[in-house]
Amino acid sequence: MSGNDYDAIIIGAGVIGGAVGFELARRGHRTLNIDKGPGAGYGSTSASSAVIRFSYSTETGVAAAWDGMHYWKNWADYLGVDDENGHARLIQCGMALLIPGEEGHHNRVTPIWDRLGVPYEYWDRDTLATRAPGFDLHLYGPPARPTDDAFWDDAHGEMVGALFSPDAGYVDDPQLAAHNLQRAAEASGGDFRFRTEVVGIVREETDAGVRVGGVELADGSIVSAPVVVNVGGPHSSHINRLAGVYDSMNIKTESIRHETYHVPGPPDIDFTADGFAVADDDSGIYFRPQPNNNILVGTTDPACDPKVPVGPDDDLGELTTDGWETNTLRINKRMPSLGVPLPHEKKGVVDRYDKSDDWIPIYDRTDLDGFYVAIGTSGNQFKNAGVAGHMMAELIEAVEAGHDHDADPLHVTARYTGLDLDLGTFRRNRQINTNSSMTVHG
Ligand SMILES: Cc1cc2nc3c(=O)[nH]c(=O)nc-3n(C[C@H](O)[C@H](O)[C@H](O)COP(=O)(O)OP(=O)(O)OC[C@H]3O[C@@H](n4cnc5c(N)ncnc54)[C@H](O)[C@@H]3O)c2cc1C
């Protein structure tokens, strides 16, 4: 469509912004995604580890992640269009959640998996040793840093086993996934504008009170729409301030710096072909296979690691030697045959998480009528892009039709699994969810 009037403007064209645009466009809404980057998925999406797993601490968190996997599994059908660059692919290498002791995250997860029918295998220690040859299954945790004496302490026990999710894995090209969503939205009539910055949110007086009226762009022009969705990733709190809704939200978001690392795989195993993803709370890392027998290592952000707030447009600098050494030493403890990579071999990516107070996203309306948010994705919502798009489209249609989501949180039926998604879980005004693990396994 041309012109400057739309049914909905989506600020951001990352994987979640693209999915919100696609879901609204396929329902017949005239949508515009606006992104200040040069193309789809150039924000934090481009740095994503893109791990697909189901080990969340809330029932809706698990339901969303389990349903989300089905979008990736049926990606070409879901999109319904070709992309000249090809389609992103789901690699289902499986993921093992290591169990360091009888108490732990696995106890929260298994009852939910049982209730929702999420498949998994319980591996006892011997099975884990067989399935993960070359792993040192001793316990060294809780996670520490090599600068702490505790890091060098002798092992104090043995891993109990692992929960293995055979359907888990990763998406091979997260930026391409965002581009795929752009092409799908365009095929349904959606528009995209790149290198275009939103600098203001238009508020309009109506008979029913103040509501959003569109956005102001950096060139001073206005694009009008009765619905605006903030999917600005690490810029989310800045955009909320532009809209005047930041202070009215109980859960806040902030941009924090985050690094992931690429290390050569073990010499004796083809980790790309035969490896699987691992969540290792004992060490404070998660890791997964990458092409050419490489391994991607991310931190679970354990309590001992610094959280580094950084402005959404600040220069991120290079990978730090401290982060590289800490996390390569951590994975080397678990897989001693790796050998400790040398500092000059530093490889990986630096980007930002849009972290919420409890590491759970906010998918919600706001106190400004017509202004919605899909934010606070906290380094763990790539996997849910399709579900997030579906939930936001359902929410926007229901609220615009008069549903009082604040008083009566909307429930949405998941597209592939038919599971119930209680959108109350993602409300802006929830109390901080103390059941959240406050860590990330990708
Ligand atoms: C290092 C790292 C590892 C991760 N690993 C995983 C993982 O393993 N599994 C998982 O599920 N999730 C993971 N995530 C999280 C996941 O990648 C994000 O949740 C997801 O990509 C967020 O997508 P988005 O569309 O919301 O935001 P983004 O991709 O950040 O897109 C936001 C867009 O908004 C645009 N924008 C912002 N402000 C404006 C403005 N004023 N005007 C115009 N445009 C604007 C930006 O240019 C940007 O393109 C990881 C994230 C990071 C950073």
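All residue numbers in this chain count up from 1 along the given sequence. Whatever order the structure lists ligands and atoms in, that order sets their numbers, starting from 1. Note: hydrogens, waters and symmetry copies are ignored here, and every other heavy atom, side chains too, is used.
With a 4.0 Å heavy-atom cut-off, ligand 1 is reached by the backbone of Asn380 but not by any atom from C-beta on.
In terms of N/O distances under 3.5 Å, ligand 1 is approached by Val51. Polar contact check, Thr260 against ligand 1: no nitrogen or oxygen pair lies under 3.5 Å apart. Backbone and side-chain nitrogen or oxygen atoms of Ala50 are examined, and one is located within less than 3.5 angstrom of a nitrogen or oxygen of ligand 1. The distance criterion of under 3.5 Å between nitrogen or oxygen atoms is not met by His258 with respect to ligand 1. Of the polar atoms of Tyr353, none of the N or O atoms is found under 3.5 Å from an N or O of ligand 1, judged by distance alone. Considering backbone and side-chain atoms alike, Ile239 places every N or O at 3.5 Å or more from each N or O of ligand 1. Where the criterion is an N or O separation shorter than 3.5 Å, residue side chain and backbone included, Ala374 fails it with respect to ligand 1. By the 3.5 Å distance cut-off applied to N or O atoms, Tyr42 is not counted among the residues near ligand 1. Looking at Ile16 next to ligand 1, an N or O pair under 3.5 Å apart turns up.
Protein heavy atom in closest approach to atom 21 (O) of ligand 1: Thr45 OG1, 2.9 Å. Of all protein heavy atoms, the one lying nearest to atom 50 (C) of ligand 1 is Ser48 OG, 3.6 Å. Protein heavy atom at the shortest distance from atom 9 (N) of ligand 1 is Gly442 C, 3.0 Å. If you check which protein heavy atom lies closest to atom 18 (C) of ligand 1, you get Thr377 OG1, 3.7 Å. Annotation: atom 43 (C) of ligand 1 to nearest protein heavy atom, Lys36 N, 3.3 Å. Scanning all protein heavy atoms for the shortest distance to atom 49 (O) of ligand 1 gives Asp35 OD2, 2.7 Å. Here the heavy atom of the protein found nearest to atom 34 (O) of ligand 1 is Gly12 CA, 3.4 Å. The protein atom (non-hydrogen) at minimum distance from atom 42 (N) of ligand 1 is Val198 N, 2.9 Å.
More than 12 heavy atoms of other residues, nucleotides or ligands lie within 6.0 Å of CG in Asp420, so this atom counts as buried by the packing criterion. Heavy atoms from other residues, nucleotides or ligands lying under 6.0 Å from CD of Glu318 number 12 at most. Summarising the local packing, NZ of Lys252 is surrounded by more than 12 heavy atoms from other residues, nucleotides or ligands at distances under 6.0 Å.
Atom numbering of ligand 1 starts at 1 in the shown order; those under 4.0 Å from a heavy atom of Gly14 are 25 (O), 29 (O), 31 (O). In summary, the atoms of ligand 1 found under 4.0 Å from a heavy atom of Thr196, numbered by their order in the structure, are 43 (C). Within ligand 1, counting atoms from 1 as listed, the ones closer than 4.0 Å to a heavy atom of Lys383 are 9 (N), 10 (C), 11 (O). Of all atoms in ligand 1, listed by their number and element, those nearer than 4.0 Å to a heavy atom of Gly17 are 25 (O). Taking every heavy atom of Ala47 and a limit of under 4.0 angstrom, the matching atoms of ligand 1 come to 1 (C), 2 (C), 3 (C). Remark: ligand 1 atoms within the under-4.0 Å shell around heavy atoms of Ser44 are 22 (C), 27 (O), 28 (P), 29 (O), 30 (O). Within ligand 1, the atoms closer than 4.0 Å to a non-hydrogen atom of Ile34 are 43 (C), 44 (N), numbered from 1 in the order shown. Near Arg352, meaning under 4.0 Å from one of its heavy atoms, ligand 1 places the atoms 53 (C).
A distance of 6.0 Å or more separates the ring centres of His441 and Tyr286. In this structure, the ring of Trp123 has its center less than 6.0 angstrom from the ring center of Phe276. Aromatic ring centres of Tyr56 and Trp66: separated by at least 6.0 Å.
Among Ser236, Ser49, Pro234, the residue whose heavy atom sits closest to atom 3 (C) of ligand 1 is Ser49.
In terms of modelled atom types and a separation under 3.5 Å, the side chain of Lys307 and the main chain of Asp305 share a donor-acceptor contact.
When each of Tyr78, Tyr416, Phe382 is tested with Trp72 by the rule ring-ring contact (aromatic ring centres under 6.0 Å, His included), just one qualifies, namely Phe382.
No hydrogens or angles considered: a donor-acceptor pair under 3.5 Å links the side chains of Asn240 and Asn230. Checking Ser356 against Asp358 by side-chain atom types alone, a donor-acceptor pair falls below 3.5 Å.
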Practice task
Just do the salt bridge (Lys or Arg N to Asp or Glu O under 4.0 Å) check on Arg334 and Asp282 with the steps written out, would you?
Solution key: CA-CA 10 Å; Arg334 191 60 71 213; Asp282 184 64; 2.9 Å; yes

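In this structure, Glu394 pairs ionically with Arg27, as a charged nitrogen and a carboxylate oxygen lie closer than 4.0 Å. At a threshold of 4.0 Å, the pair Asp191-Arg30 does not count as salt-bridged, since none of the basic side-chain nitrogens sits closer than that to a carboxylate oxygen.
Within the structure, salt bridge (charged side-chain N to carboxylate O under 4.0 Å, His left out) pairs that include any residue of residues 14-25 comprise Glu23-Arg26, Glu23-Arg415 (at least two apart or interchain).
The heavy-atom pair separating Phe271 from Pro266 by the smallest distance is CB-CD, 4.0 Å.
Every residue two or more places apart in sequence or in another chain was checked for a salt bridge (charged side-chain N to carboxylate O under 4.0 Å, His left out) with Arg427, and none qualifies.
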